[in-house]
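What's counted below: heavy atoms across the whole structure, side chains too, no hydrogens, waters or symmetry copies.
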Amino acid sequence: MSETTTITIARATRQRLAHVKFNGKPLKTADETVAALIEEHERRQFWEAMDAIDPDEYEAQTREEGAWPTEGEYAAEEQMIRAQETTA
């Protein structure tokens, strides 16, 4: 069992936490609810950051760092795409 601690929250907030649902299902504990809310917040931050990336700037940066794939390094991905196209 993980270590626990006590945090002070308003009674109204605790009651709201008790009614939070994820994917239509209530969570069993306040700890699960807080963890799920933090994960959702972090997920949103990640996708907001991804949306802010300019594809051309990203390519330029990764080319400069030597991390941009060269021709032929996409072989596995290209095979997967071709396989999907032939089965569709």
- Item | Verify same cluster id: Val20, Ile7 (apolar side-chain graph, 4.5 Å) | yes
- Item | Residue pairs fulfilling salt bridge (charged side-chain N to carboxylate O under 4.0 Å, His left out) with at least one residue in residues 53-67, sequence neighbours excluded | Glu59-Arg63
- Item | Verify same cluster id: Trp47, Tyr58 (apolar side-chain graph, 4.5 Å) | yes
- Inter- and intrachain pairs under side-chain hydrogen bond (donor to acceptor under 3.5 Å, both in side chains), touching residues 20-31, at least two apart: none
- Of all pairs that satisfy salt bridge (charged side-chain N to carboxylate O under 4.0 Å, His left out), the ones with a partner from residues 33-53, not counting sequence neighbours: Glu40-Arg43, Glu40-Arg44
- By side chain to side chain contact (heavy atoms under 4.5 Å, CB included), which residues pair with Ala36, not counting sequence neighbours? Phe22, Leu27
Indicate every side-chain donor-acceptor pair of residues 8-18 with a distance under 3.5 Å to a residue at least two apart or in another chain.
none

- Task: Taking side chain to side chain donor-acceptor pair (under 3.5 Å) as the test, write out the residues that go with Gln45, two or more places apart.
- Result: His41
